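Not measured: the values here are computed from a predicted model.
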Amino acid sequence: MSENKFLKGILCGAVVGGALTMLDRKTRDSVMNKTRYIRNEIQYYSKNREELKTNIEHQITKWKSVYDQFSSDAMYLTEKVNEAKEITPQVKTLLTDTKDAFSQSKEEYKSIVVPEKEEKSIFEPKK
């Protein structure tokens, strides 16, 4: 019983709300213009069913091509993400190897270059 009252309350609220919005002239004019437009479209397409059929087929074709393009793009992106997942461990290994190589080179350079304390700079004035 309470469900029945609930639905009745929603319907009454919608009717009252709709009636209150019709007090505004702009809203009334907008609703009337939209109603006339829809009525004219229905009358036109009821007399020109082939054109309606052609328009619907055109829209279906357009949305199918949009869906196909989107599907193709999604598959491409999925493929690229999977490739990136496969490459990531390889890149990590490459970066680690490069870091190790630079670290080793740094140590080698240090051993080649004379420490600053022992080196006499040609730019320092003689005492």
Side-chain angles (χ1 to χ4, degrees):
M1 197 68 142
S2 64
E3 290 178 20
N4 194 13
K5 289 181 182 179
F6 179 71
L7 290 176
K8 285 182 183 178
I10 289 176
L11 290 175
C12 288
V15 169
V16 170
L20 287 175
T21 59
M22 287 301 184
L23 295 176
D24 180 42
R25 178 174 275 306
K26 289 181 182 178
T27 303
R28 274 195 318 267
D29 291 342
S30 174
V31 169
M32 290 304 294
N33 288 336
K34 190 69 169 177
T35 303
R36 283 188 206 113
Y37 174 77
I38 291 172
R39 185 188 69 219
N40 290 338
E41 290 289 308
I42 290 172
Q43 288 174 349
Y44 177 78
Y45 284 118
S46 67
K47 294 176 184 173
N48 301 298
R49 293 182 184 190
E50 286 302 315
E51 187 175 342
L52 175 63
K53 182 180 172 184
T54 304
N55 287 345
I56 290 172
E57 287 172 352
H58 175 70
Q59 291 296 321
I60 290 171
T61 303
K62 182 176 90 173
W63 286 108
K64 277 185 180 179
S65 67
V66 167
Y67 172 78
D68 291 341
Q69 182 65 39
F70 179 78
S71 177
S72 172
D73 290 347
M75 287 175 54
Y76 175 77
L77 289 174
T78 302
E79 181 182 312
K80 291 301 175 186
V81 166
N82 289 335
E83 285 178 17
K85 285 180 182 177
E86 291 173 8
I87 290 174
T88 301
Q90 295 171 355
V91 170
K92 183 179 178 183
T93 304
L94 178 68
L95 290 174
T96 304
D97 292 346
T98 304
K99 177 186 167 198
D100 293 342
F102 277 115
S103 296
Q104 289 173 357
S105 295
K106 179 181 174 185
E107 294 303 320
E108 290 176 13
Y109 286 127
K110 280 183 181 179
S111 66
I112 294 172
V113 176
V114 179
E116 289 184 21
K117 291 180 182 177
E118 297 175 8
E119 180 183 272
K120 292 184 179 179
S121 175
I122 59 171
F123 299 108
E124 288 183 23
K126 292 185 181 181
K127 293 183 183 179

Calculate, to the nearest 0.5 Å, the distance between atoms [atom1] and [atom2] belonging to [X] and [Y] respectively.
X: T54; Y: N48; atom1: OG1; atom2: CG; value: 10.5 Å
X: W63; Y: D68; atom1: CH2; atom2: CG; value: 13.0 Å
X: T27; Y: L20; atom1: OG1; atom2: CG; value: 11.5 Å
X: T61; Y: I56; atom1: OG1; atom2: CD1; value: 11.5 Å
X: M22; Y: D24; atom1: CE; atom2: CG; value: 10.0 Å
X: R36; Y: M32; atom1: CZ; atom2: CE; value: 4.5 Å

Taking [X] for the side chain and [Y] for the main chain, is one N or O donor matched with an acceptor at less than 3.5 Å?
X: S71; Y: Y67; value: no
X: T96; Y: K92; value: yes
X: T78; Y: A74; value: yes

- Nearest heavy-atom neighbours spanning P89 and E86: CD-O, 3.3 Å

- Query: Is there a path from I60 to Y45 through hydrophobic residues (I, L, V, M, F, W, Y) whose side chains come within less than 4.5 Å of each other?
  - Reply: yes

- Message: Looking only at the side chains, is there a donor atom on one of D73 and Q69 sitting less than 3.5 Å from an acceptor on the other?
- Response: yes

- Item | Close side-chain approach of E79 and E83, heavy atoms under 4.5 Å | yes

- Side-chain touch Q59/K62, heavy atoms, less than 4.5 angstrom: yes

- Message: Please determine whether the number of non-hydrogen atoms from other residues, nucleotides or ligands lying under 6.0 Å from atom CZ of R39 exceeds 12.
- Response: yes

- Just do the side-chain contact (heavy atoms from CB on, under 4.5 Å) check on L11 and V15 with the steps written out, would you? CA-CA 6 Å; L11 290 175; V15 169; 5.5 Å; no

